[in-house]
Amino acid sequence: MDAKRSIADKLLDWYDRHARTLPWRAPPGVRADPYRVWLSEVMLQQTTVATVRPRFEAWVSRWPDVASLAAADEAEVMAAWAGLGYYARARNLVRAARAIVADHGGHLPDTEAALRALPGLGDYTAAAVAAIAFGQRAVVIDANVERVVSRLFRAAGKPAVRAAAEQITPDQRAGDFAQAMMDLGSAICSPRKPKCLLCPLADDCAAHRAGEEEAFPVKPAKKARPARFGTIFWLEREVPVESQAGATDREVLLVRRPSSGLLGGMRALPTGPWEATAPGLAEAPAGADWTLLNHVVGHGFTHFTLELALAVARCDAHSALAEGEWWPVDDLASAGLPTVFAKAAKAIGRMR
DNA sequence: AAATCGGGGCA
DNA sequence: TGCCCAGATTT
């Protein structure tokens, strides 16, 4: 082992040669746009790079800076976030953008503590933005860093990992160091079958020397996910096309979910309650002739799985059957529905 | 400290 | 299928 060169030096040399090019990232040694760094870090919370990349590009085209996001309509922001999940992230982005305009002159604050005070920025994101966007020395610990560091030092538990990360974080280029750890964790130090032959830190790695790379990080046992069942109510009507005499358009009833809780603030198809047993047509909106389709939409959430039966009905164009928003069926893609409802709409479209 | 909050990539 | 992830907030 080359004991004279620090882990940070070796890793930064590796990063200078192998850094990924990403839309929110500046080349090694160059400072990136704080707004783009912040947005990317929030999008990347529990979400993979491959998923985020196109969504990031579309987002910055529409809201290129803090001021435009602060002035955005929240319903449009929520629709733009559709499919990414953890929708509180989108609501917090708007809240934070407005706080940055109100309290910081429209510029992100450059200290970890001030960033940490903004909604949606926890320990990780505050440290990441401080380091990557502002060059501050901050200790950035995400799942990649936890995996790399726990293996380097055979460190078990978050306090031990944090202490070790503190030790190896350099005073200079802390942002590049953090991004280098993420790239290393993504490309080399993977959860399973790490590519230690390609690793610039293999000689420094205690887990590698012991041949027990996959024993780290130590993860707590997880509990089983229960199943829940419900019914989606697809209520459709036909309305005349103004520009074309005799022609009609189909519209479906959408609702807005409560701003807090599961899928909070999102446009959605109406559903009954989600219970431990299948409810069928129980609690269907009254006054329509419901048909229960022979099809179920399945969806996995973090802490339970969901199976939704599909019920369809038609109603009069002027029906006051239910509260909500009538949406053109042919334009459902623009409604910004969460994935579970997009799945249901697609299934019904196939069955018509 | 534990529960809540989605979704997609991948082996 | 099961596991994993560039986590934060609420309870």
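Side chains included, hydrogens not; waters and symmetry mates left out as well; all remaining heavy atoms used. Chain identifiers are assigned alphabetically (A, B, ...) following the order of the sequence lines, protein sequences preceding nucleic acid strands; residue numbering begins at 1 within each chain.
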Does [N] have OP1 or OP2 sitting under 4.0 Å from an N or O in the side chain of [X]?
| X | N | result |
| --- | --- | --- |
| A/Thr339 | B/dG7 | yes |
| A/Tyr87 | B/dG7 | yes |
| A/His303 | B/dC5 | yes |
| A/Lys219 | C/dC5 | yes |
| A/Arg91 | C/dT9 | no |
| A/Lys223 | B/dA3 | yes |

Between [X] ([atom1]) and [N] ([atom2]), how many Å, whole number?
| X | N | atom1 | atom2 | answer |
| --- | --- | --- | --- | --- |
| A/Lys195 | B/dA11 | NZ | C1' | 11 Å |
| A/Trp274 | B/dC5 | CH2 | P | 10 Å |
| A/Met43 | C/dC5 | CE | P | 21 Å |
| A/Leu115 | C/dG7 | CG | P | 17 Å |
| A/Leu121 | C/dA6 | CG | P | 18 Å |
| A/Leu306 | B/dG6 | CG | P | 12 Å |

Heavy atoms under 4.0 Å, any strand shown: does [X] hit a base, just sugar-phosphate, or nothing?
| X | result |
| --- | --- |
| A/Trp24 | base |
| A/Thr302 | base |
| A/Gly185 | nothing |
| A/Arg20 | base |
| A/Lys343 | nothing |
| A/Gly264 | nothing |
| A/Lys193 | nothing |

For this session: Check whether the side chain of A/Gln46 and the base of B/dG6 form a donor-acceptor pair under 3.5 Å.
Result: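 Per atom types, no contact qualifies.
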For this session: Go through the side-chain N and O atoms of A/Glu41 and A/Tyr124 and say whether any donor and acceptor fall under 3.5 Å apart.
Result: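 The answer is yes; a qualifying pair exists.
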For this session: Name the residue closer to the 5' end of DNA chain B, choosing between A/Thr48 and A/Phe304 according to the nucleotide with the nearest heavy atom.
Result: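 Its nearest nucleotide being more 5', the pick is A/Phe304.
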Exercise. At their closest point, which heavy atom of A/Ala19 faces which heavy atom of A/Asp183, and how far apart are they?
Worked result: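 Between these two residues, the closest heavy atoms are CA-OD2, 3.7 Å.
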Exercise. Using a heavy-atom distance cut-off of less than 4.0 Å, which residues of residues 125-139 of chain A contact DNA chain B?
Worked result: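 Nucleic-acid contacts, sorted: none.
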